[in-house]
Asks: 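Got a structure for you, questions after.
Every chain is numbered from 1, with letters handed out A, B, ... down the list of sequences. Not measured: the values here are computed from a predicted model. What's counted below: heavy atoms across the whole structure, side chains too, no hydrogens, waters or symmetry copies.
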Protein chains: 2
Amino acid sequence: MSRASIADAVGLTKATVSSLVGELIARGLLSERGRAPAAAVGRPGQLVALSDETVVGLGLEINVDYLAACVLDLAGGVRFERFLRRENRDTPIRDVFDALGDLGRSALNEAEAERLIPVGVTVAAPGLVEVDSGMLLMAPNLGWSNTPLRTEVANRLQRPHLYVTADNEANLAALGELWQGHGQEWRDFIHISGEIGVGAAVVVGGELLRSGSGLGGELGHLSIDPNGAECPCGSRGCLERVVGQEALLKRARLDAEVGTSIGVPDGGVRLLAESAERGDQRTLDALAEAGEALGLACGAAVNLLAPNTVVLGGIFALLFDWLADPLREELEKRAFVAKCSDVAVVRSELGAAAAVRGAASLTLRAVCADPYLVGSSGR
Amino acid sequence: MSRASIADAVGLTKATVSSLVGELIARGLLSERGRAPAAAVGRPGQLVALSDETVVGLGLEINVDYLAACVLDLAGGVRFERFLRRENRDTPIRDVFDALGDLGRSALNEAEAERLIPVGVTVAAPGLVEVDSGMLLMAPNLGWSNTPLRTEVANRLQRPHLYVTADNEANLAALGELWQGHGQEWRDFIHISGEIGVGAAVVVGGELLRSGSGLGGELGHLSIDPNGAECPCGSRGCLERVVGQEALLKRARLDAEVGTSIGVPDGGVRLLAESAERGDQRTLDALAEAGEALGLACGAAVNLLAPNTVVLGGIFALLFDWLADPLREELEKRAFVAKCSDVAVVRSELGAAAAVRGAASLTLRAVCADPYLVGSSGR
DNA sequence: AATAGTATGTTTGCCAATCAAACTAACGGG
DNA sequence: CCCGTTAGTTTGATTGGCAAACATACTATT
């Protein structure tokens, strides 16, 4: 954008914008990018854009069956991204953190080798995270509880000046989709993260919904059949028992094979997708049922919140083709609201990468919100 | 509060607060109210409070079986409140508006007789309201659609300078509870309005959640039994078919009697409450079942949004004693989130009055947000 | 009763963010 | 080659808020 168009968009004067832009360029957050394509008449503007050669954010993710790291620059460029397939359930917690620390340090090293300045780190985890303290209070699918996520990670990165934040994986995935994917256009959407567990995050008006308690988003434990099978959570007929990765594998009778594929990238999902691709009936049935169950659950959420889009993320992004139609059909039936306004059901753009990307973006957003952070070493 | 404590609370200097308070007193929005009760040491502060003798807001409500009006002053005092029992379903729409107009005008007249200055009007209606245009797009329980709520009301009030707004009844009831009831303490709650239909509104962080489309809150059409009875909405097993006022009456076998009681204040609910009071088994069963169904539906909402409180409003406030226990029990079972943080289930403080109160408050909030509105005649 | 201590509210001068308006710069078209 | 048009900058004025000193009102101590 040119200075003039920025002034127009934010409602400040050209004069004010000019001086602010000047300051941000001096700090290296913005850079000039040639002239605008001379429109009709008048002097063409100087384009300014977020700089891609100064500040970067690091995102880290601990999930049940992988670790991930991602470095993003302000312009949205992915400067580093690596997934490390790894079963994190039955290994000692400190081994997991050691592995994540190694991954994070190598990401930082690569960034610094390119003369980029990391300004912060956000750690995503599949469970209930207390943002202020950086504690992972409870992660049922990981089997962890009361783990000091932030300090464990911070201690291993060897960058004491870096501010480390921790947040919930489902929330960060939605933010990833919001900032890196098409989220800005949707503005009101529900992002469903299918992994071993099933989570959801709600974006209203381009803003992530955060409850006071930091909990929420437990779509996986929505009861879709009040008299259905028992769930360890104490309820019956929970969505997760039908559409969670392990439930899907079991229902498709692929759970025997998956044992042999631990350590294979995208172990379980890959198996499911391949089996569906081959036209295996049991798999197709399981997926159709899952789509229907998701539709029922989404119906509840849509009736309550009336988003304009439902985004299928995580493993559901890979399985989208088999889930979408039954989901839409059920949603149409169940959601009163969907009769007045169209609700689109779409595949996540980032898939399993959404959460790390969101994590990396979150730190960068903090810089955008307060550019004085840069240079003043962390917070 | 004294000026000093305000300064402390909002983070401005005493100097700044002093000058702002001065301005607001000059405009008549604040007034001094004697000295503070000399605390320990030091000079006691001059108390200032929102003035109760200048500005008032008018709230109007159209519901299925009544009309209502309410005048509130800035201090939260109810200066006028009247409910008009009236069956609005099978009467001509213009008759309804005429009656509402009369009610509104008499409210304004009384306010003006007390030398109060009405600054705006908000109309609540049980259906989908497009706030910008003031259109009632659809009100299934009223049988109306595409009714120009705002202009119809504005034309009948004979106060062309007054700005009239229209909004959804469930939303306004939640705002009423937020601003006039205990909502400020809860901050994160779900307000359930039981009337002929069942609606819900969500408050997160002291802020009402509004979806972009203006829809949402259709808790009544949550499917609590995917294979249950058909609902006119096209789905099956909708909550409203079990807990809506007419469903309750039918299940309690009181629907024959209710015909004879049309025109009686609180017709249906009163009957239910009295019958339950008498210990009528069918009524008690119906209410227990309803509580259970509400618990299941709330479980879904709680899992997703993790509020700390669920407020039962509308007719559910009157029936609270019979609904609460089965509701809590079911919620406990169904809501994963409720296991980590306590979710209180409480009776609405304002009951059926919540929506008009919220409507009246909403206009006053507009004044608080922009005090320059006062005196500059409407907007 | 005088004095010290503490907290409230007001006055004063100052600063930084923003604006309006005039000005310079860059481009296309008659 | 000048004119209209739009982009960006310079200039001086306005303003919301701050810090610090002051006046005020009350309690506690001597």
Asks: How long is the line joining CZ of A/R3 and C1' of C/dA26, in whole Å?
Replies: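 Atom-to-atom, A/R3 to C/dA26, this comes out as 14 Å.
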Asks: For B/L20 and B/K14, take the nucleotide of DNA chain D holding the closest heavy atom to each; which residue's nucleotide lies nearer the 5' end?
Replies: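 Going by which nucleotide is closer to the 5' end, it is B/L20.
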Asks: Take the protein atom CG of A/D8 and the nucleotide atom P of C/dC19, then report the distance between them rounded to whole Å.
Replies: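 These atoms are roughly 13 Å apart.
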Asks: Rounding to a whole Å, what distance do you find between A/Q46:CD and D/dT6:P?
Replies: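 After rounding, the gap between these two atoms is 18 Å.
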Asks: Quick one: do A/E130 and A/R150 satisfy side-chain contact (heavy atoms from CB on, under 4.5 Å)? Show the steps, please.
Replies: CA-CA 10 Å; A/E130 195 176 71; A/R150 178 164 70 190; over 6 Å; no
Asks: Are B/T13 and D/dC18 close enough that a side-chain N or O sits under 4.0 Å from OP1 or OP2?
Replies: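 Affirmative; the distance criterion is met.
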Asks: Could you please name the option among C/dA26, C/dA7, D/dA7 that lies closest to any side-chain atom of A/A4?
Replies: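 In terms of side-chain proximity for A/A4, the closest of C/dA26, C/dA7, D/dA7 is D/dA7.
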Asks: Measuring from the side chain of B/R43 (C-beta onward, heavy atoms only), which nucleotide among C/dA26, C/dT6, D/dA25 has the closest atom?
Replies: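 Taking heavy atoms from C-beta onward, the closest nucleotide is D/dA25.
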Asks: At under 4.0 Å between heavy atoms, what does B/G22 touch on the DNA or RNA strands: base, sugar-phosphate, or nothing?
Replies: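 No contact.
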Asks: On DNA chain C, check which nucleotide each of A/P44 and A/L12 is closest to and give me the residue with the more 5' one.
Replies: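 Per heavy-atom nearest nucleotide, the more 5' residue is A/L12.
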Asks: Keeping B/D167 on the side-chain end and B/A359 on the backbone end, is there a donor-acceptor pair under 3.5 Å?
Replies: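 Checked: no pair found.
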Asks: With respect to the phosphate group of C/dG9, does any side-chain polar atom (N or O) of B/S2 fall under 4.0 Å of OP1 or OP2?
Replies: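 So the side chain of B/S2 is within the cut-off, an N or O lying under 4.0 Å from OP1 or OP2 of C/dG9.
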Asks: Under 4.0 Å between a side-chain N or O of A/R35 and OP1 or OP2 of C/dC27?
Replies: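 Checking A/R35 against C/dC27: at least one side-chain N or O falls below 4.0 Å of OP1 or OP2.
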Asks: State whether B/R79 and B/E53 are salt-bridged, where the test is any N-O pair (Lys NZ or Arg NE/NH1/NH2 against Asp/Glu carboxylate O) under 4.0 Å.
Replies: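 The answer is no: the pair does not qualify as a salt bridge.
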Asks: Applying a 4.0 Å non-hydrogen cut-off, can you work out what A/A15 is touching in the nucleic acid: base, sugar-phosphate, or nothing?
Replies: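 It contacts base atoms.
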Asks: Taking for each residue the nucleotide of DNA chain D bearing the nearest heavy atom, is the 5' side occupied by B/V17 or by A/V41?
Replies: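 Mapping each residue to its closest nucleotide by heavy atoms, the 5'-most match is A/V41.
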Asks: Check whether any side-chain N or O of B/S361 sits under 3.5 Å from a backbone N or O of B/W179 as a donor-acceptor pair, and report yes or no.
Replies: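 Side chain of B/S361 to backbone of B/W179, a donor-acceptor pair under 3.5 Å: no, none is there.
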Asks: In whole angstroms, how far is the P atom of C/dA17 from the CG atom of A/L24?
Replies: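 Distance check: A/L24 CG to C/dA17 P gives 12 Å.
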Asks: Tell me what B/T16 touches on the nucleic acid: a base, only sugar-phosphate, or nothing, going by heavy atoms under 4.0 Å.
Replies: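 Counting heavy atoms under 4.0 Å across all strands, the contact made by B/T16 includes a base.
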Asks: Check this for me: does any side-chain nitrogen of one of B/R357 and B/E349 sit under 4.0 Å from a carboxylate oxygen of the other?
Replies: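 No salt bridge links B/R357 with B/E349.
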